[in-house]
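Following: one structure in structure tokens, then a few remarks.
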Amino acid sequence: MRSVFSVLKKEFIVKNNPAQGLEYLLEEESQFIDLITDKEQTQIINHFKIVCPNFNIFLKIIYQCGIRPNEIRQIKCSMIDLNKQIFVLPKEITKTKARKVPISYDLKLDLSNSDNFLFGIESPYCRRKNKLFVVSPYQLSVNVAGNMWRDNVHKGLKIYKKMYWIKHKGANDKEENGMKIQTV
């Protein structure tokens with residue numbers, strides 16, 4: 001911005017450069033992401049096949065679509081267009097803006113179509129694992145996915161990786177399999 005205003009001042013378009021004297025912002029170092037390995041991923045999937053099979057679909061959406069866990073929690077089945085194979089996410093549930101996210105064929109097979117939450121809880125205040133992450137009119141509480149991950153992956157499997165990093169692993173795997181970075 002500083003250089004734009006400098007040019008505008010030289011060309012006598014503006015009298016003063018409001019950016020003059022401002023210090024440059026320091027660049028932040030990006031956080032190191034310790035990606036889940038293929039072996040850990042297989043171990044996690046196999047574990048949840050036994051403990052809570054529907055949680056694997058939740059994780060698959062993070063991995064394949066890159067949707068944030070809190071956004072997934074708020075997805076209603078009416079936000080899924082199975083004909084076009086996309087999630088239609090309104091800006092009210094996203095961190096940035098409304099967007100359309102493609103659904104892979106195998107994920108399409110895991111999804112249904114109604115006005116319920118895609119990942120809900122069978123009845124209010126229920127804590128049984130087989131009653132969580134089911135299509136339901138009752139929304140999961142904010143901490144359910146994080147607690148499920150921490151209790152089973154951190155404490156149970158002794159894999160100390162963040163659930164959200166599945167999104168990064170999915171993007172890396174897509175790129176390694178030949179998908180263009182712009183598409184990812």
Side-chain angles (χ1 to χ4, degrees), residues 30-122 129 132-150 152-153 159 161-184:
S30 59
Q31 179 185 7
F32 171 73
I33 297 174
D34 187 13
L35 290 179
I36 295 169
T37 65
D38 292 338
K39 181 181 175 187
E40 290 169 335
Q41 182 178 9
T42 302
Q43 191 178 0
I44 290 165
I45 290 167
N46 290 335
H47 176 77
F48 282 115
K49 280 181 184 176
I50 298 165
V51 175
C52 184
N54 291 329
F55 192 61
N56 272 335
I57 300 170
F58 186 90
L59 296 175
K60 188 187 285 189
I61 292 173
I62 297 172
Y63 176 82
Q64 290 185 359
C65 303
I67 300 176
R68 297 172 183 89
N70 191 45
E71 294 171 353
I72 296 170
R73 190 181 68 80
Q74 298 178 68
I75 293 175
K76 291 189 177 180
C77 293
S78 61
M79 297 174 188
I80 303 168
D81 187 334
L82 291 175
N83 295 329
K84 294 181 181 176
Q85 289 188 229
I86 58 171
F87 287 108
V88 181
L89 304 178
K91 69 176 184 167
E92 293 80 29
I93 73 166
T94 66
K95 193 173 179 180
T96 54
K97 61 184 179 188
R99 66 185 195 274
K100 295 177 183 176
V101 180
I103 299 172
S104 67
Y105 179 74
D106 68 312
L107 184 56
K108 179 182 174 181
L109 297 176
D110 293 327
L111 305 175
S112 64
N113 196 1
S114 75
D115 286 329
N116 291 327
F117 288 98
L118 179 59
F119 295 103
I121 187 168
E122 192 169 283
K129 288 184 175 112
L132 301 174
F133 300 95
V134 296
V135 175
S136 170
Y138 306 107
Q139 186 178 26
L140 284 173
S141 66
V142 174
N143 299 322
V144 172
N147 290 342
M148 178 77 74
W149 180 264
R150 188 174 40 262
N152 289 275
V153 177
I159 298 172
K161 310 274 174 93
K162 293 186 179 182
M163 177 173 50
Y164 190 63
W165 291 348
I166 290 174
K167 173 183 177 176
H168 299 286
K169 177 157 180 21
N172 286 2
D173 288 351
K174 288 173 190 166
E175 187 179 13
E176 286 175 12
N177 289 325
M179 189 179 280
K180 294 180 181 177
I181 191 69
Q182 294 85 354
T183 307
V184 174

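Throughout, residue positions are numbered sequentially from 1 according to the sequence presented. Values below: all heavy atoms of this structure, side chains included; hydrogens, waters and symmetry mates excluded.
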Exercise: identify the closest heavy-atom pair between [X] and [Y]:
| X | Y | result |
| --- | --- | --- |
| Ile121 | Ser136 | O-OG, 2.5 Å |
| Tyr138 | Glu122 | CD1-O, 3.6 Å |
| Pro102 | Cys65 | O-SG, 3.5 Å |

Item to check | Partner set under side-chain contact (heavy atoms from CB on, under 4.5 Å) for Pro90, not counting sequence neighbours | outcome: Met79, Glu92, Ile93

Rounded to the nearest 0.5 Å, what's the gap from [atom1] on [X] to [atom2] on [Y]? Could you check?
| X | Y | atom1 | atom2 | answer |
| --- | --- | --- | --- | --- |
| Cys77 | Leu82 | SG | CG | 9.0 Å |
| Lys91 | Thr96 | NZ | OG1 | 11.5 Å |
| Ile103 | Asp81 | CD1 | CG | 8.0 Å |
| Ile57 | Ile62 | CD1 | CD1 | 13.0 Å |
| Leu118 | Ile80 | CG | CD1 | 4.5 Å |
| Ile75 | Ile61 | CD1 | CD1 | 5.5 Å |

Next on the checklist: Going by the rule side-chain hydrogen bond (donor to acceptor under 3.5 Å, both in side chains), which residues pair with Gln85 if we only count those two or more places apart in sequence or in a different chain?
Outcome noted: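 For Gln85, no residue satisfies side-chain hydrogen bond (donor to acceptor under 3.5 Å, both in side chains) once neighbours in sequence are set aside.
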
Checklist entry - Looking at residues at least two apart in the chain, or sitting in another chain, which of them share a side-chain hydrogen bond (donor to acceptor under 3.5 Å, both in side chains) with Tyr164? => result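 Applying side-chain hydrogen bond (donor to acceptor under 3.5 Å, both in side chains) to Tyr164 gives Lys167.
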
Would you say the side chain of [Y] lies within less than 4.5 Å of the side chain of [X], judging by non-hydrogen atoms?
| X | Y | result |
| --- | --- | --- |
| Thr37 | Thr42 | no |
| Met148 | Met163 | no |
| Ile44 | Ile166 | no |

Residues in salt bridge (charged side-chain N to carboxylate O under 4.0 Å, His left out) contact with [X], at least two apart in sequence or another chain:
| X | answer |
| --- | --- |
| Asp173 | Lys169 |
| Arg99 | Glu71 |
| Lys161 | Asp34, Glu40 |
| Arg73 | none |

Checklist entry - Does any pair with a residue in residues 46-60 pass side-chain hydrogen bond (donor to acceptor under 3.5 Å, both in side chains), and if so which ones, sequence neighbours excluded? => result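 Non-adjacent pairs meeting side-chain hydrogen bond (donor to acceptor under 3.5 Å, both in side chains): His47-Asn152, Lys60-Asp106, Lys60-Asp110.
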
Checklist outcome for this item: Contacts satisfying ring pair (Phe, Tyr, Trp, His ring centres under 6.0 Å) that involve residues 56-78 (not counting sequence neighbours) are Phe55-Phe58, Phe58-Phe119, Phe58-Phe133

